Amino acid sequence: MFYVKYLAHEIYADILRKRPDVRLDRLENESAEAISAPILAAAHAYQIGAARDELAPQVPCRPRPCLRRAPNLLIVSSNGAGYDPVDVEACTEAGVVVVNQSGGNGPLGGRTRARMLLTLSKRILEADRSVAARPQRQSQRLDRHRGAGQDNRHCRAR
C-alpha cells in the first residue's frame with residue numbers, strides 16, 4: 001500500500017504498522033523514479049486524499065500512468081469530500097475498485113457527531129414530534145422529566 005505526501009490521520013499508519021502482512025510506503029511529489037517505480041510495481045492499494053492539488057503534475061502517481069505502472073493494484077481509496085483526483089473510468093477499465101470515505105475527516109464531522117449525541121441524549125426529536133403532533137393544552141404538555149429515570153423524580157417543581 002502506498003500514499004503520496006500525507007495521510008488523513010496518523011492513526012491510519014499506526015494501525016497498518018502493526019500488521020506484518022502490510023507494507024505502507026510514502027511517496028513524495030518529488031520522489032525519484034528509482035524510489036517510486038518498485039513501490040508502484042508492488043502496490044496492491046493506493047490511499048489518496050480528495051484534494052485536486054495533492055499531486056503535482058510531474059508525480060508518477062497520476063491516475064492513468066499510475067495504473068500502467070502498478071499492475072498489481074486492486075483498490076484506490078480516497079478520503080475526504082469526494083474523489084476528484086481519481087480517474088474512476090480508468091480504474092474501472094483496469095479492474096481496480098474505487099472507494100471513498102467522506103465526512104469524517106474534519107471538524108465538521110466531529111461537530112455533527114456531538115450534535116447527534118446531544119440530540120439523542122436530550123430526546124430532542126421525540127419532544128419536537130410530540131409538540132408538533134397535536135395542539136396541546138397546559139395539562140397535555142410534554143413532561144420533560146419523562147424517561148429521565150427515578151433519580152430525577154424528586155427534582156420536579158411542585
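Note that the structure is predicted; figures quoted are calculated from it, not measured. The basis for the numbers below is simple: all heavy atoms, side chains too, and nothing from hydrogens, waters or symmetry mates.
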Q: Same cluster or not: Leu40 versus Met1, using hydrophobic residues (I, L, V, M, F, W, Y) connected whenever any side-chain heavy atoms lie under 4.5 Å apart?
A: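 Shared cluster, no.
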
Q: Between Glu10 and Arg17, does any side-chain N to carboxylate O distance fall below 4.0 Å?
A: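 Arg17 and Glu10: salt-bridged.
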
Q: Check Ser36 against Arg69 and note the closest heavy-atom contact, atom names and distance.
A: OG-NH2, 3.9 Å

Q: Do Asn29 and Val4 come within less than 4.5 Å of each other through their side chains, counting heavy atoms only?
A: yes

Q: Does Cys91 reach the side chain of Val86, with side-chain heavy atoms less than 4.5 Å apart?
A: yes

Q: To the nearest 0.5 Å, what is the distance between CG (Leu74) and CG (Asn72)?
A: 7.5 Å

Q: For the residue pair Phe2 and Tyr46, is the inter-centroid distance of their aromatic rings smaller than 6.0 Å?
A: yes

Q: For Pro85 and Gly49, which heavy atoms make the closest approach, and how far apart are they?
A: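 Heavy atoms only, the tightest pair is CG-O, 3.3 Å.
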
Q: Treating Ile, Leu, Val, Met, Phe, Trp and Tyr as nodes and any side-chain heavy-atom pair under 4.5 angstrom as an edge, say whether Val88 and Ile48 lie in one connected cluster.
A: yes

Q: Which atoms form the tightest heavy-atom contact between Glu33 and Pro38, and what is the distance?
A: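 Scanning both residues completely, I find the closest heavy atoms to be O-CD, 4.2 Å.
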
Q: Please answer whether the main-chain N or O of Leu27 pairs with a side-chain N or O of Ser31 as donor and acceptor at a distance below 3.5 Å.
A: no

Q: Would you indicate whether the side-chain heavy atoms of Val99 and Val97 approach each other to under 4.5 Å?
A: yes

Q: Taking Asn79 for its side chain and Asn100 for its backbone only, find out whether a donor-acceptor pair lies under 3.5 Å.
A: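 No, Asn79 side chain to Asn100 backbone: no donor-acceptor pair under 3.5 Å.
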
Q: Give, for atom CG of Leu7 and atom CZ of Arg26, the distance between the pair rounded to the nearest 0.5 Å.
A: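 It is 8.0 Å, given to the nearest 0.5 Å.
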
Q: For Leu73 and His44, run side-chain contact (heavy atoms from CB on, under 4.5 Å): C-alpha distance rounded to whole Å, both residues' side-chain angles, the deciding distance at 0.1 Å, then the answer.
A: CA-CA 4 Å; Leu73 198 62; His44 290 105; 5.9 Å; no

Q: Rounded to the nearest 0.5 Å, what's the gap from CD1 on Ile39 to CG on Asp25? Could you check?
A: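 Here the rounded value is 4.0 Å.
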
Q: Check for me, please, whether Tyr3 and Val22 land in the same ILVMFWY cluster - side-chain distances under 4.5 Å, paths through other members count.
A: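 Yes, Tyr3 and Val22 fall within the same hydrophobic cluster.
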
Q: What's the shortest heavy-atom distance between Gln47 and Ser78, and which atoms?
A: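 The pair with the smallest heavy-atom distance is NE2-C, 4.0 Å.
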
Q: To the nearest 0.5 Å, how far apart are OH in Tyr6 and CD in Glu28?
A: 11.5 Å

